Structures are given as C-alpha cells and as structure tokens.
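Working notes for the structure below.
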Amino acid sequence: MLTFLPYTFKSLWRHRTRSLLTISGAGVALLVFCFVGSVQHGLFALTENQEAGRSLIVFQENRFCPQSSKLPQDYASTIAKQSGVADAMPIMVFTNNCRASLDAIVFQGMATDLLMKWRKLALQSGSWDGFARQDDAALVGKAVAARRKLKVGDKFTIGDITVAVAGIFAADNAADEGLIYTHLDFLQRARGLSDVGMVTQIEVHLNDGANADAVAKAIDEEFHAGPVATTTRTKGMFQADTLSDLAELIGFIHYLGFACVGLVLSLVATTTVMSVQDRIKEHAVLQTLGFRPRRIFGLVITESVVLSVLGGGLGVIGGMLFLAWSDMSVAAEGVTIAFRPSWDIAMQGAIASLGVGFLAGLAPGWQAAQAKIVTALRHA
Amino acid sequence: MSLVEVVDVSKEFKSGEETIRPLDGVHLTIEEGDFVSLMGASGSGKSTLLNLVAGIDEVNSGHIFVGDTDITELNRGKLADWRAANIGYVFQTHNLIPVLTAYENVELPLLLLPMTASERAKRVEIAMAAVDLTNRAGHYPRQMSGGQEQRVGIARAIVANPTVVVADEPTGSLDDDTTEQILSLLQRVNRELGMTLLMVTHDADAAQRATRQLRLERGQLVENGKPILPRALRTA
Ligand SMILES: Nc1ncnc2c1ncn2[C@@H]1O[C@H](COP(=O)(O)OP(=O)(O)OP(=O)(O)O)[C@@H](O)[C@H]1O
Ligand SMILES: [Mg+2]
C-alpha cells in the first residue's frame, strides 16, 4: 500500500483547500477532545489515586466551603490516639473564591514537619530553610506560580492575606501544584483572632491494614457529643463530594468528547465521499490498468486515514502543548482539579483519529471498489 | 493456437422494457502480431466487444480465451491481476491520472507487477523513448497537448509488454496531423515491437493502417465482406 502513498498525497494536495479545511476541522475537534479528556483525567486523579483511599479528611458536620468549617485544632491529638491512625494533621484552608473558578487561589496552612512528611514536594526554586525562617513564607505550586507569574522573593496578596514566596514546587499529584502552602499559625492569624486554635479540617493518615470506613466512623462517634460534630470521609470521597456539582458537569462534558469524534467522522467522511465522486472515472481507469477492487478500497481508506490522522495528530499535539503551557486548573470549595497533558490522552486521541479515518473511508471505499468499470468510464 | 479466441459471445443491455443485444454470437480469432481494426456504425457494439476482450466487462454468454486463459471464468480480483499483466488499454480521451507526471503515469501499471525498481525504470525509459517523449517525463497531463497526452497513454499501454493492446478510437479527439502521428506510432508498436493490437475506429483511412479490417454489423463480425463463422474452435 505504501507504494501508492505519494499518489494519495498528490490527490489530497490537488484539492488542498478542501483537504486543509478538513484537516483543520479534525484538528480543532481533537484539540477539544484532548482538553475534555484532561479535565476528566484531572477529576479521576483526585478521586482514584492511592492516597485518596488511604487518608481521611475530618470536616465540620454539614459544612462545605472551607471558610465555614471550624474544628478545634486539638481534635488532632485525640484523633492521633485512635487505633489505625498513623498521623493526624490539622490544616487551615483558605480560598479567595468558594465557587467553581478557573483562577481560585487555595491556601493550606500546616505544620512544616507534617508538610515535609506527607506532601511529596520537589522544590524547583527557593528552599525549605527560607520557608521555615519566615512567618509569612509560602510554598507556591508551579501551576499557580506560572498562572500568576510568581517567583521566589515576590510578595503576593489575595484579599487580606499577603505572603512572601519562599519556594516554587512540583508535586507527584498535579492538583497539588495548584495550591499554596503556608505556616498553620500564619493562616490562622491572618483571618482575625477568632480563628486561633481552630482549623478547617484534619487530614488523617492511616496505618497499613487499617479499615478506612471503620476509622472514619470511630472519629465521628468520638466527637458526636463534643463542641463541634464532624463528618469524616476518605480523601477521595471528600474531594468527590466537594466537587460533586463540577463532577456532574464534567461527566456531561464527556459527551462533548464523543461529539468531537463524531464531528471528525462526518467531516472526513464527507470529504472522502466528495473525493470518490470526483474520481469515479479515475478509479475506473486504475481498475482498467489492473488495480484490484480491494486496492481501490485501500486507496480510499488510506486517503481518509491520512486526512484524519494528520488533522487529529495536529489537534493532539496542539492540545498537549496548550495543556502543558496553560497550567490550567479549576477549583471549587478549596479543592482543585488540574488539567494536565498525558500520554494516555494523547494515545486516546491518536487511536480515535486512526479509527475514525478508517470508519470514514469504509462506505466511500466500498462504493469506489464496487463501481462497474465500463459504466464509470462513461462518466464525464 | 490463436492468441485471442472469442467464442460465440453475446452481450445484451436492458434499459427498462427494452433489451438491446449489440453482440449476438460473435466469433473472432486474433493471431499473435495481428493489428486488427474494428469499424461499424455508431452504437453497433464496437466498444462493447473491445471491453470484453480487455476484461473490463462481462459477457452474457460465450467464452473469451487469451493465451491459455478463459477470462470469462475469472473473478473480479483475478481478472484485475490478469489485466495488469496482459492488457494495455489506450483510451479515446487519454485518461491520464492528472496528479501524476508523464513518467509516473507510464510507471503506474508496473507498480502492480513483481519487478525491481531498476527494471521498472528501464522499462519506463524504453516506453517513453518509443513514443518520443523522454523530454516530457516530468510534465503533468495539463501541461501537454492532446497528441502528447495520447502518446503517454500509448506508452502506459505498452510499458508492461502486454499480450494485447486495445485502443478505442485512439485518434477520435485529435486533429489530422496528430492523428497521423498516433497511427504511425501504433503501426510501429505493431511492426517493431511485435505487439498484437485491436483498434476500434470510425475512420476508414485509419482502419487501412491495420493488417486486418473487421466490421461489426447487426451483432456479428464481418471480414472481407464475409461473416466470421465459428472455426474449429475450442469449446468451454
Ligand atoms: N451500460 C450500458 N447500458 C445500456 N446500454 C448500453 C450500455 N453500454 C452500451 N450500451 C448500448 O449498447 C450499444 C453498443 O454500445 P457501444 O458503446 O459498444 O457502441 P459503439 O459501437 O462503440 O458506438 P460508438 O461508435 O458510438 O462508440 C449501444 O446501443 C449502447 O447504447
Ligand atoms: Mg464506442
């Protein structure tokens, strides 16, 4: 089949306007496909990853936005004594925007030793020392830093909170790169004296083999009669609950991904049908020269696959570059979803393009292969 | 044994209620090295017969042997392979592939045959030289005159060294001078390259260039004023 690839390219080039329009249409559709894929991927990453099931989040009962959840900080020491619990870390969360937003800033204040122990941060610039030395120091996720153009030494103000950037970090978990970590007491004081001694949530790390549900239940029972009742869920559940509105929307966006693939299918199929109709006589001539019907079929399929793969490939590359460059994320109620490029999505896009190209060529290819030579030769 | 034997071939077309039968029990033998011209009224079935011999149309009844092969027995795929190796087809309207250069057009049929690249190049060179178009190898069909296009068409038809070259009104859309050129070329293909030709034409002068002149009349072939009757032919 490769022998005739130059012929395929020349035929596409002959109708270059049509071909380029089709390729660009397929490209845009696949770009959207990749974007949709990465949004979903980001959501899955939050709820499905290892850590999501092996740690718990204790929140004030019936509260959703981090601003409204207030737990006494000393709950942590009570929780730490429970069986199955490896560590309990009090965290203060502050966000400038509780609603879903593409540019929400989320601060998490926690003790430095716990931060170093439980968050696998790799500093790209700045230092832990610099962070430890300064009260108002902050470690900024690289996605936020890129979005807000921050570097070490900068002062950064959101609402009535001003921090000094002491480091920029990358994390295993892309969503963490949308966070800003500060000292716990700094964030407690920053919002006024009423918050001293209070935290938003307590993150509980479980021992190996501990039953997450049982521990969660025990914690809630412990505080049931206390000053503040709690709701404890696995981190994955907590994030899924917090993002449930967004998740629904993202689930719906899923169909947009399918629609993109459908769009490419109809676009490439239309172009291929037109190309076959333009060349009824040419295909008959090829058959006269001794091209088998199967080879004609193959030529048509090759043409539609080339169109679809060229367009889809450009779309996938464009989508990956855009995702890598934009560092986009969406946050709601203090939880962020990162939109990152991934090989998975690129592969899905590439396979979708290939499959669609093949499907789009089937009907016109069949039509071209079945044409009767003498009838087609009489075609103007 | 004759090179081509057409045995009791009939072909009919149905259009609505009406059935027309342009070929009604046609017999024909062509020997190797023959240059056969075929004349007849418009609509008498000349192209139909030529297309049957070329293996691009199917008979309703009868058999066509070319060499040892009864081509009426071949399926579509096998028939295509057979055409690639055995038939050179010269069209009235040239029918070159517009996106390919003269060279590439001539090379196209060879890509279907088992052959090394250097063997292929050699054959294309020879065919291009035979039609005297070596200096136009890189030209596209739209950059050539009708006569040049037809010469490329002839080069494409002879390049694979086919068993039979068929030509359906090869000069039908050319002016007198060019017609003369093309006819001489076909004559040379026959005499110098020893190829067997079957040519349909409307032009009596053109027909005279052939070694045998046939007419198609009322569904039967006539040669030298006498109908061609079944000889001691092969039967299926
Ligand atoms: N596909 C077809 N369907 C219906 N009728 C057909 C078809 N092909 C040919 N015919 C009819 O068969 C007859 C013979 O056609 P053919 O093309 O062989 O004639 P011809 O001798 O080549 O004529 P011309 O000199 O005009 O080329 C004509 O009456 C034509 O209308
Ligand atoms: Mg005709």
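Because only heavy atoms are used, hydrogens play no part in the values below, and waters and symmetry mates are left out as well, while side chains stay in. Keep in mind it's a predicted model, so treat the numbers as computed, not measured. In what follows, chains carry the letters A, B, and so on, assigned in the order in which the sequence lines appear, proteins first and then strands, with residues in each chain numbered from 1.
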Quick check: are there more than 12 heavy atoms from other residues, nucleotides or ligands sitting under 6.0 Å from [atom1] of [X]?
X       : atom1 : value
E58(B)  : CD    : no
N60(B)  : CG    : yes
W82(B)  : CH2   : yes
H202(B) : NE2   : yes
E32(B)  : CD    : no
M115(B) : CE    : yes

Distance in Å, D57(B) CG paired with T375(A) OG1, rounded so as to fall on 0.5 Å steps: 7.5 Å
NZ-OG1 distance between K10(A) and T101(B), expressed to the nearest 0.5 angstrom: 5.5 Å
Residue pair [X] / [Y], side-chain heavy-atom distance below 4.5 Å:
X       : Y       : value
N95(B)  : T288(A) : no
V285(A) : R156(B) : yes
R294(A) : R76(B)  : no
R292(A) : L79(B)  : no

Below 4.5 Å from any heavy atom of chain A, which atoms of [X] appear? Answer side chain, backbone, both or neither.
X       : value
T93(B)  : side chain
E104(B) : side chain
N51(B)  : side chain
F13(B)  : neither
I87(B)  : neither

Residue selection (most heavy-atom pairs with chain A, distance under 4.5 Å) from A54(B), P109(B), G88(B), G77(B): G77(B)
Heavy-atom pairs under 4.5 Å with chain A, option from P98(B), P162(B), G55(B) with the top count: P98(B)
Full working for side-chain contact (heavy atoms from CB on, under 4.5 Å) between L377(A) and I56(B): CA-CA 10 Å; L377(A) 281 176; I56(B) 61 172; 3.8 Å; yes
Expected output: side-chain R83(B) to main-chain Q287(A) donor-acceptor under 3.5 Å: yes
L111(B) vs F4(A), side-chain contact (heavy atoms from CB on, under 4.5 Å): CA-CA, chis, key distance, verdict: CA-CA 9 Å; L111(B) 295 175; F4(A) 299 100; 3.8 Å; yes
side-chain contact (heavy atoms from CB on, under 4.5 Å) evaluation trace for L112(B) with R295(A): CA-CA 10 Å; L112(B) 298 170; R295(A) 197 182 282 283; 3.5 Å; yes
Chain B contact via A369(A) - which portion, at a heavy-atom distance below 4.5 Å: backbone
Y7(A)/L108(B) under side-chain contact (heavy atoms from CB on, under 4.5 Å): CA gap, chis, key distance, verdict: CA-CA 10 Å; Y7(A) 165 68; L108(B) 201 54; 5.9 Å; no
V99(B) to S11(A) - nearest heavy-atom pair and separation: CG2-OG, 4.0 Å
